[in-house]
Amino acid sequence: MPELPEVETVVRTLLPHVKGRRVVAVVHLRSDMLRPAGFGFIDAINGRLLAGVERRAKRIVFTLDSGERFYIHLGMTGRLTIEDPAAPVATHTHLIINLNHGRQLRLSDPRRFGEIVWMGTADHGKLGPEPLTLRPDVLLARLTQTKRAIKSALLDQNMIAGIGNIYADEALHRAGVHPERLGETLTAAEAGRLNRAIKGVLRRAIRAGGSSIRDYVNADGARGGFQASHRVYDREGKPCRNCRGEIVRITLGGRSTYFCPKCQG
DNA sequence: ACTATTTCCTGGATGC
DNA sequence: TGCATCCAGGAAATAG
């Protein structure tokens, strides 16, 4: 479900409820959400202060007062919310943490593609650069070293981190680049347009609180509004908002891909 | 080392 | 109404 703008929105709405709060108890944990499997997560966070919450790519990273970290990834259908203990517990709730201001941090995720990952003092490994601060020459260098379709490369978190299926399609449309173009054929001018398109669409989506196609809500349970501004995603057969031509849907790398053949020729 | 495909899981929409 | 099928915003694992 959530890509960079949605995760950013969750972090922003989570922050005032969580930062500086102490973990009083972990009242529920479905252990198959945990990485590494069998790690003593409850003992590791119990009684700790949550010193910070930030976003890295699509990861929601919690820093403890011990300096150790863990992150939560929401997968396709994950929701991380702040709730009153008396509020009904959603089905498929896999983590409930009591905080010292009397509220609960809850993770629900029907499909269970999400995960709770203990980092300790490790870093984020091979994860690629953040798109919001990415330089166009770096984007060009990375994309031109692959023969893959440009869209598949954009979805590769080791190439660039945080872009998913919606914003890859939206950025490519705004840049006028066909999703099946091979990475190695990209010109400097196109990489420049793509870099600006990625930043632009992500910033606008953050401002709108993210895109809610089906499951996504922020930490306060509110939906995003950016789906109304999508130019191609989930708009098969509808008129292109640029040229009035028809938006087409294909399958690329196993994912639905929407584009305008005229604007992205 | 690369790239493409399969797989994990549930639920909603669609078709018969 | 019921049942089968397909599809979904992710990404690790596997196959070629």
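Bear in mind the structure is a predicted one, so any value in this text is a computation, not a measurement.
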From the list A:Y71, A:F70, A:W118, ring pair (Phe, Tyr, Trp, His ring centres under 6.0 Å) with A:F62 holds only for A:F70
Provide, to the nearest angstrom, the distance between the CE atom belonging to A:M33 and the P atom belonging to B:dC9.
12 Å
For A:R255 and B:dT7, what is the distance between atoms CZ and P respectively, to the nearest whole Å?
16 Å
For nucleotides B:dA1 and C:dA11, find the distance between their P atoms and express it as a whole number of Å.
23 Å
Decide whether A:H17 and A:D220 meet the rule of one side-chain donor and one side-chain acceptor closer than 3.5 Å.
yes
Just call it for A:G164: base, sugar-phosphate, or nothing, with non-hydrogen atoms closer than 4.0 Å on any strand.
sugar-phosphate
A:T146 side chain to A:G183 backbone, donor-acceptor under 3.5 Å:
no
Among B:dA4, C:dC7, B:dT10, which nucleotide has an atom closest to any side-chain atom of A:R249?
C:dC7
Touch class at under 4.0 angstrom, heavy-atom based, for A:Y167 against every strand present:
nothing
Contacts of A:L155 and A:G254 projected onto DNA chain C by closest heavy atom; the upstream (5') one is A:G254
Interatomic spacing from CD1 in A:I160 to CG in A:L143 - rounded to 0.5 Å:
5.0 Å
Scan side-chain atoms only and decide if A:E3 and A:Y216 contain a donor-acceptor pair under the 3.5 Å cut-off.
no
Gap between atoms CD1 and P, on A:I250 and C:dC7 respectively (whole Å):
15 Å
Can you measure A:I213 atom CD1 to B:dA13 atom C1' for me and round it to whole angstrom units?
15 Å
Between A:K126 (NZ) and C:dA11 (P), how many Å, whole number?
13 Å
Distance between the P atoms of B:dC9 and C:dC3, in whole angstroms?
23 Å
Taking for each residue the nucleotide of DNA chain B with the nearest heavy atom, is it A:R112 or A:K147 whose nucleotide lies nearer the 5' end?
A:K147
With a 4.0 Å cut-off on heavy atoms, is A:T146 in touch with a base, just the backbone sugar-phosphate, or nothing at all?
sugar-phosphate
It should be established whether A:H73 places a side-chain nitrogen or oxygen under 4.0 Å from OP1 or OP2 of nucleotide C:dA11.
yes
Less than 4.0 angstrom between a side-chain N/O of A:H92 and OP1 or OP2 of B:dC9, yes or no?
no
Rounded to the nearest Å, what distance is computed from the CG atom of residue A:L252 to the C1' atom of nucleotide B:dT5?
13 Å
Classify the nucleic acid contact of A:R35 as base, sugar-phosphate or nothing, counting any heavy atom under 4.0 Å across all strands shown.
nothing
Please report the distance, rounded to the nearest Å, between CG in A:D169 and P in C:dG10.
10 Å
Using salt bridge (charged side-chain N to carboxylate O under 4.0 Å, His left out) as the criterion, point out the one residue from A:K151, A:R148, A:R142 that pairs with A:D156.
A:R148
Does any nucleotide pair with B:dC9 by Watson-Crick or G-U wobble geometry, both distances under 3.5 Å, and what is it?
none
Expressed as a whole number of angstroms, how long is the span from A:D32:CG to B:dT7:P?
20 Å
Does OP1 or OP2 of C:dG10 have a side-chain N or O of A:R111 closer than 4.0 Å?
no
